[in-house]
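Just so it is clear, the model here is predicted, and its values are computed rather than measured.
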Amino acid sequence: RKESSAASDVYKRQMNNLIKTYDDILDSQTCNNIIGKFEQFENQHEEFDDKGMIFTQIRMAKSPQIWSKEIEEFTSIFQSSLLTYLTDTGVTPQQMPTKYTWEPIRIKRYMPNDYDEFRPHVDVNSKLTSTRFLVFFIYLSDNEEGKTTFPQLDKYAECKKGSMLMFPPLWPWLHAGTKPINEPKYIMQTYLHYV
């Protein structure tokens, strides 16, 4: 039993090492501007409600004439954050694909209505999603709840304005977005894909 417990602890440490959070990736005003623009373009809102995935989103790539500046700016931020992540996790160039691409950036809103949430799931669960290999979330608002939790790893990331969460989207990293309270939760997200 002791050996089993020790092996479990090692496993958790290894998995947790690939979950990283970085504060102050965006300043407060930039976050506010993105949220304001999200609310301004209500005609771009897509309601999503399926098997515990309940939120409203905008896909920037569907309206490049409106979001081109943000797409360019945030892709650059995601790229520089990737380099930091590789250094901090000890992932070597030999472990990374030589070519990759970015999933179109989305902004999501979860309302504090005791309904919006994202129940435990993994982000690679089909042939369609199988090219994803790294998640990038930027929290655009503070929330007392609205955490990203990793229930099997006893780990979570706070919903902290301007911070970024990165981790692999594969089956060992089961995660969930808890229900926000008091204020809406806004996040921006993308993934790295194999090509």
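- Geometrically, K147 engages Y156 in a cation-pi contact defined by less than 6.0 Å to the ring centre and at most 45° from the axis.
- No side-chain donor-acceptor contact under 3.5 Å links S76 and Q79.
- A donor-acceptor pair is defined here as one N or O able to donate and one able to accept, closer than 3.5 Å; no such pair exists between the side chain of H121 and the backbone of A176.
- Hydrophobic cluster membership differs between I54 and F118, with clusters built from Ile, Leu, Val, Met, Phe, Trp and Tyr side chains linked at under 4.5 angstrom.
- A donor-acceptor contact shorter than 3.5 Å links the side chain of D27 to the backbone of T30.
- Smallest separation of non-hydrogen atoms from D142 and K161: OD1-N, 2.7 Å.
- Atom OG1 of T89 is separated from atom CD1 of I19 by 12.0 Å, given to the nearest 0.5 angstrom.
- With W102 as the fixed residue, the ring pair (Phe, Tyr, Trp, His ring centres under 6.0 Å) test singles out one of F74, F133, Y191, F136: F136.
- Note on D23 versus K160: salt bridge recorded, some NZ/NE/NH1/NH2 to OD/OE distance being below 4.0 Å.
- The CE atom of M188 sits 9.0 Å away from the CE atom of M164 when rounded to the nearest 0.5 Å.
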| request: In sequence, state the C-alpha distance, the side-chain angles, and the governing distance for Q94 and M96, and then conclude on side chain to side chain contact (heavy atoms under 4.5 Å, CB included). | output: CA-CA 6 Å; Q94 292 80 11; M96 285 288 291; over 6 Å; no
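- For the pair E70/K37, a side-chain contact is recorded, criterion being any heavy-atom separation below 4.5 Å from C-beta on.
- Linking ILVMFWY side-chain heavy atoms closer than 4.5 Å, directly or via other members, places L165 and V122 in two distinct hydrophobic clusters.
- To the nearest 0.5 Å, atoms OG1 (T56) and CZ (R109) are separated by 4.5 Å.
- Between E183 and K185 there is no salt bridge, since no side-chain nitrogen of the basic residue lies less than 4.0 Å from a carboxylate oxygen of the acidic one.
- Here the OG-CG distance, from S163 to D24, works out to 8.5 Å after rounding to the nearest 0.5 Å.
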| query | Should H175 and F167 be marked as a ring-ring contact (aromatic ring centres under 6.0 Å, His included) after you check the CA-CA gap, both sets of side-chain angles, and the distance that decides it? | reply | CA-CA 10 Å; H175 60 285; F167 61 95; 4.7 Å; yes
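- Within 6.0 Å of CD on E47 lie more than 12 heavy atoms contributed by other residues, nucleotides or ligands.
- Counting only N and O atoms by type, the side chains of E145 and Y110 include no donor and acceptor under 3.5 Å apart.
- Remark: the N143 side chain and the Y186 side chain contain no N/O donor-acceptor pair separated by less than 3.5 Å.
- Taking CG of L174 as the start and CG of D123 as the end, the distance is 10.0 Å to the nearest 0.5 Å.
- No hydrogens or angles considered: nothing links the side chains of N43 and H45 as a donor-acceptor pair under 3.5 Å.
- Not one N or O on the side chain of T75 forms a donor-acceptor pair closer than 3.5 Å with the backbone of E72.
- When every heavy atom of P184 is checked against every heavy atom of S141, the shortest pair comes out as O-OG, 3.3 Å.
- Heavy atoms from other residues, nucleotides or ligands lying under 6.0 Å from CD of Q40 number more than 12.
- A 4.5 Å side-chain heavy-atom check between Q44 and K62 finds every atom pair outside the cut-off.
- Remark: side-chain polar atoms of S126 are paired, donor with acceptor, to backbone N or O of T129 under 3.5 angstrom.
- Between Y115 and N113, the shortest heavy-atom distance links the atoms N-OD1, 2.8 Å.
- Of the possible polar contacts, one joining the N16 side chain to the K12 backbone as a donor-acceptor pair under 3.5 Å is found.
- By the neighbour-count criterion of 12 heavy atoms within 6.0 Å, atom CG of L128 is sparsely surrounded, having that number or fewer from other residues, nucleotides or ligands.
- Heavy-atom minimum distance, L140 versus I187: CD1-C, 4.1 Å.
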| query | Between L26 and I34, is a side chain to side chain contact (heavy atoms under 4.5 Å, CB included) present by the stated rule, with each step listed? | reply | CA-CA 11 Å; L26 296 183; I34 298 165; 4.1 Å; yes
| task | Go through the steps for S81 and I77 under the test side chain to side chain contact (heavy atoms under 4.5 Å, CB included), then give the verdict. | result | CA-CA 6 Å; S81 298; I77 289 170; 4.2 Å; yes
| field | Candidate pair Y85 and Y22, rule ring-ring contact (aromatic ring centres under 6.0 Å, His included), full reasoning | value | CA-CA 9 Å; Y85 177 86; Y22 299 98; 7.3 Å; no
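- Cation-pi check for K108 over F55 is met; the charged atom lies under 6.0 angstrom from the ring centroid and within 45 degrees of its normal.
- T178 places a side-chain N or O within 3.5 Å of a backbone atom of G146 that can act as its donor or acceptor partner.
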| said: Please evaluate residues Y139 and T148 with respect to the criterion side chain to side chain contact (heavy atoms under 4.5 Å, CB included), reporting the C-alpha separation (whole Å), side-chain torsions for both, the decisive distance (0.1 Å), and the verdict. | reply: CA-CA 10 Å; Y139 299 97; T148 302; 2.6 Å; yes
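- Atom CD1 of I181 and atom CE of M111 lie 14.0 Å apart (nearest 0.5 Å).
- Using a 4.0 Å cut-off between a side-chain N of Lys or Arg and a carboxylate O of Asp or Glu, D116 and K179 do not qualify as a salt bridge.
- Under a 4.0 Å N-O distance rule, the pair E103/R132 qualifies as a salt bridge.
- The side-chain heavy atoms of I58 and E46, taken from C-beta on, include no pair separated by under 4.5 Å.
- Side-chain polar atoms of Q152 and W173 form no donor-acceptor pair below 3.5 angstrom.
- Residues Q57 and F38 share a closest heavy-atom pair of C-CE1, 4.1 Å.
- Around atom CD of E144, no more than 12 heavy atoms belonging to other residues, nucleotides or ligands sit under 6.0 Å away.
- Within the 3.5 Å criterion, the main-chain N or O of T92 finds a donor-acceptor partner in the side chain of Q95.
- In plain terms, the two heavy atoms of P168 and L18 that are nearest each other are CD-O, 3.4 Å.
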